[in-house]
Amino acid sequence: MTDRPRTEARNPKASHLETLTTREILELMNDEDSTVPGAVRRALPAIERATEEIVAALARGGRVRYIGAGTSGRLGVLDASEAPPTFGVEPDLVSGIIAGGDSALRSAAEGAEDDALAGAKDAREDLRSGDVLVGISASGRARYVVAALTMAREIGARTVALTCDASSTLAQGADVVIAVDVGPEILAGSSRLKAGTATKLVLNMLSTAAMIRSGRTRGDLMVDLRATNAKLRERAVRMVQEVAGIDEAEARARLEANEWSVRRSLGPAEGEPRR
């Protein structure tokens, strides 16, 4: 019998789950979820190292790739897809790869995580030396992801393992290992719960902190956002108004004259190069 992954452990608080009322189930879930931020905080040193790897790669002209299967893959694609509208970067700078291809975003392709050959192939086709590959697997045992990280190292990319099991195969050999120990789920093995929440929090940190450190914001403002809808255009107007100290009409006029670029409408900050 093989060792049980940490993500498959049973939670004693949920041993009689079916006897609980709806409110009791919800309170238990909420109590368990409340432990996740603390687990992420304990992993901050590794998250910091991974962020610095990403910042350095971007400065050298490298790119970021997330790769995962199932929930892990979906969360990677989700985070990557937000980078262009939020930070104004090209779609190829940060992207996500999911086992089974894009159809797996909507329909479960559970067997795809076992396909090591596909993981190696997807990494080989999408990565180049100088990139950073973040391999995401709650259990750390998805062969698709493990093989992708192995191929990434052969190509010359930097590797980050994001897992909930520090002793897993994925955690062996990565340049940076982010291991967030969230403990057992209330449904044994359902890593879309606390493990999924922890993964989302870490990905939020990696992408946001890396973009801030790469000069893609001004203070707390997303000055490189792409104002592609009414809500974002109104946000752009407010930013220009507040920073430049002008009225709405002038802010809107500046933005229209600068193709709705907040950064260009404001001009460079002191010491900031023009983009």
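Starting from 1, each residue takes its place in the sequence as its number. Nothing here was measured: the structure is a model prediction, and the numbers come from that model.
Side-chain contact between D224 and M211 is absent, with no heavy-atom pair separated by less than 4.5 Å.
Hydrophobic clustering (ILVMFWY, side-chain heavy atoms < 4.5 Å, transitive): L75 and L105 are in distinct clusters. Both V145 and I97 belong to a common hydrophobic cluster when Ile, Leu, Val, Met, Phe, Trp and Tyr are linked at side-chain heavy-atom distances under 4.5 angstrom. Using a 4.5 Å cut-off between side-chain heavy atoms of Ile, Leu, Val, Met, Phe, Trp and Tyr, with links allowed through other members, L203 and I47 fall into the same hydrophobic cluster. Taking hydrophobic clusters as Ile, Leu, Val, Met, Phe, Trp and Tyr residues chained together by side-chain heavy-atom distances below 4.5 Å, V176 shares a cluster with L201. Residues V132 and F87 share a hydrophobic cluster, clusters being chains of Ile/Leu/Val/Met/Phe/Trp/Tyr side chains in contact below 4.5 Å.
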**Message:** What verdict does the side chain to side chain contact (heavy atoms under 4.5 Å, CB included) test give for V160 and I178, after you've listed the backbone C-alpha separation in whole Å, the side-chain angles of each residue and the deciding distance to 0.1 Å?
**Reply:** CA-CA 7 Å; V160 176; I178 302 171; 3.9 Å; yes

**Message:** Please evaluate residues R263 and S261 with respect to the criterion side chain to side chain contact (heavy atoms under 4.5 Å, CB included), reporting the C-alpha separation (whole Å), side-chain torsions for both, the decisive distance (0.1 Å), and the verdict.
**Reply:** CA-CA 5 Å; R263 186 183 292 276; S261 167; 4.1 Å; yes

**Request:** Apply the test salt bridge (charged side-chain N to carboxylate O under 4.0 Å, His left out) to residues K13 and E32: give CA-CA distance (whole Å), side-chain angles for both, the deciding distance (0.1 Å), then the verdict.
**Result:** CA-CA 10 Å; K13 296 177 184 178; E32 290 294 303; 3.5 Å; yes

**Request:** Report the C-alpha distance between T150 and R153 in whole Å, list the side-chain angles of each, state the deciding distance to 0.1 Å, and finish with yes or no for side chain to side chain contact (heavy atoms under 4.5 Å, CB included).
**Result:** CA-CA 5 Å; T150 300; R153 291 193 292 272; 3.5 Å; yes

**Message:** Run T228 and W260 through side chain to side chain contact (heavy atoms under 4.5 Å, CB included) and show every step you take.
**Reply:** CA-CA 9 Å; T228 54; W260 287 90; over 6 Å; no

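Remark: the backbone N or O of A104 is not paired with any side-chain donor or acceptor of S107 at under 3.5 angstrom. Checking side-chain atoms of T159 against main-chain N and O of D175 turns up a donor-acceptor pair under 3.5 Å. The main-chain N or O of L78 is found under 3.5 Å from a side-chain atom of S81 such that the two form a donor-acceptor pair. A donor-acceptor pair under 3.5 Å is formed between the side chain of T21 and the backbone N or O of E24. A donor-acceptor pair is defined here as one N or O able to donate and one able to accept, closer than 3.5 Å; no such pair exists between the side chain of R226 and the backbone of L232.
Of all non-hydrogen atoms in A152 and L127, the two that sit nearest each other are CB-CD1, 3.6 Å. Nearest heavy atoms, Q241 versus A251: CG-CB, 3.7 Å. Contact detail for A236 and A227: the closest heavy-atom pair is CB-CB, 4.4 Å. Shortest non-hydrogen contact noted between G62 and L93 is O-CD1, 3.7 Å. Shortest non-hydrogen contact noted between I67 and L133 is CG2-CD1, 3.7 Å. When all heavy atoms of A46 and V177 are compared, the pair lying nearest together is CB-O, 3.2 Å.
Sorted by first and then second residue, the side chain to side chain donor-acceptor pair (under 3.5 Å) pairs with a member in residues 33-42 form an empty list; sequence neighbours excluded. Each side chain to side chain donor-acceptor pair (under 3.5 Å) pair with one or both residues in residues 63-79, not counting sequence neighbours, appears once here: R63-D92, R63-D131, R65-D92, R65-S95, R65-D126, Y66-D79, D79-S207. Sorted by first then second residue, the side chain to side chain donor-acceptor pair (under 3.5 Å) pairs that include residues 45-61, not counting sequence neighbours, are E53-R158.
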Could you tabulate the donor-acceptor pairs under 3.5 Å formed by side-chain atoms of residues 116-123, not counting sequence neighbours?
unit_1 : atom_1 : unit_2 : atom_2 : d
K121   : NZ     : E125   : OE1    : 3.4
K121   : NZ     : E125   : OE2    : 3.0
D122   : OD2    : Y144   : OH     : 2.5

Enumerate, atom names and distances included, each donor-acceptor pair closer than 3.5 Å involving a side-chain atom of residues 162-171, sequence neighbours excluded.
unit_1 : atom_1 : unit_2 : atom_2 : d
T163   : OG1    : S137   : O      : 3.0
T163   : OG1    : A138   : O      : 3.1
T163   : OG1    : G140   : N      : 3.4
T163   : OG1    : D165   : N      : 3.1
D165   : OD1    : S167   : N      : 3.0
D165   : OD1    : S167   : OG     : 2.7
S168   : OG     : D165   : O      : 2.8

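For the side chain to side chain contact (heavy atoms under 4.5 Å, CB included) test, residues two or more places apart in sequence or in another chain that qualify with N258 are R264, S265. Take L221 and apply the side chain to side chain contact (heavy atoms under 4.5 Å, CB included) test, not counting sequence neighbours, and it matches V223, M239, V243. Checked against salt bridge (charged side-chain N to carboxylate O under 4.0 Å, His left out), D31 has no partners two or more places apart in sequence or in another chain. By the side chain to side chain contact (heavy atoms under 4.5 Å, CB included) test, S190 is found to be paired with L187, R192, L193, residues two or more places apart in sequence or in another chain being considered. With sequence neighbours excluded, the residues that form a salt bridge (charged side-chain N to carboxylate O under 4.0 Å, His left out) with E27 are R23. Residues satisfying the salt bridge (charged side-chain N to carboxylate O under 4.0 Å, His left out) test with E234, not counting sequence neighbours, are R252. The salt bridge (charged side-chain N to carboxylate O under 4.0 Å, His left out) test applied to E154 returns no partner, not counting sequence neighbours.
The CD1 atom of I136 lies 11.0 Å from the NZ atom of K200; values are rounded to the nearest 0.5 Å. Taking CG of D114 as the start and CZ of R143 as the end, the distance is 4.5 Å to the nearest 0.5 Å. E259 contributes atom CD, which lies 11.5 Å from atom CG of L255 (distance to the nearest 0.5 angstrom).
Between R218 and E242 there is no salt bridge, since no side-chain N of the basic residue sits under 4.0 Å from a carboxylate O of the acidic one.
The environment of R213 atom CZ is sparse: at most 12 non-hydrogen atoms of other residues, nucleotides or ligands sit within 6.0 angstrom. For E18, the CD atom counts as densely surrounded, since its 6.0 Å shell holds more than 12 non-hydrogen atoms of other residues, nucleotides or ligands. Counting heavy atoms of neighbouring residues, nucleotides and ligands inside a 6.0 Å radius, atom CG of N229 exceeds 12 of them.
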